[in-house]
Amino acid sequence: MKREKRAYLRPYANNTDRAEALEPFLHAYNYHRCHTALGGRPPISRVNNAAGQYN
């Protein structure tokens, strides 16, 4: 199974464990996973001012 799908592989013992697993999943999904609806680009490519991009 692809790495980005790991957030859904198992039930979590508590909300803290779930939240810790969710952060890396969301990063991979939004910054590294290519989306066909975006022409093969990740969702972050659609954001004009990503956090830390412009200071």
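Below, each value reflects all heavy atoms present in this structure, side chains not excepted, and no hydrogens, waters or symmetry copies.
Here His32 contributes atom NE2 and His27 contributes atom NE2; the two are 3.0 Å apart, rounded to the nearest 0.5 Å.
Under the side-chain contact (heavy atoms from CB on, under 4.5 Å) criterion, Asn14 pairs with Thr16, Asp17, not counting sequence neighbours.
With hydrophobic clusters built from ILVMFWY side chains whose heavy atoms lie under 4.5 angstrom apart, Leu38 does not share a cluster with Val47.
Judged by distance alone, with hydrogens and angles left aside, the side-chain atoms of His35 form a donor-acceptor pair with the main-chain N or O of Tyr29 at under 3.5 Å.
Ala21 and Tyr12 get closest at one heavy-atom pair: CB-OH, 3.4 Å.
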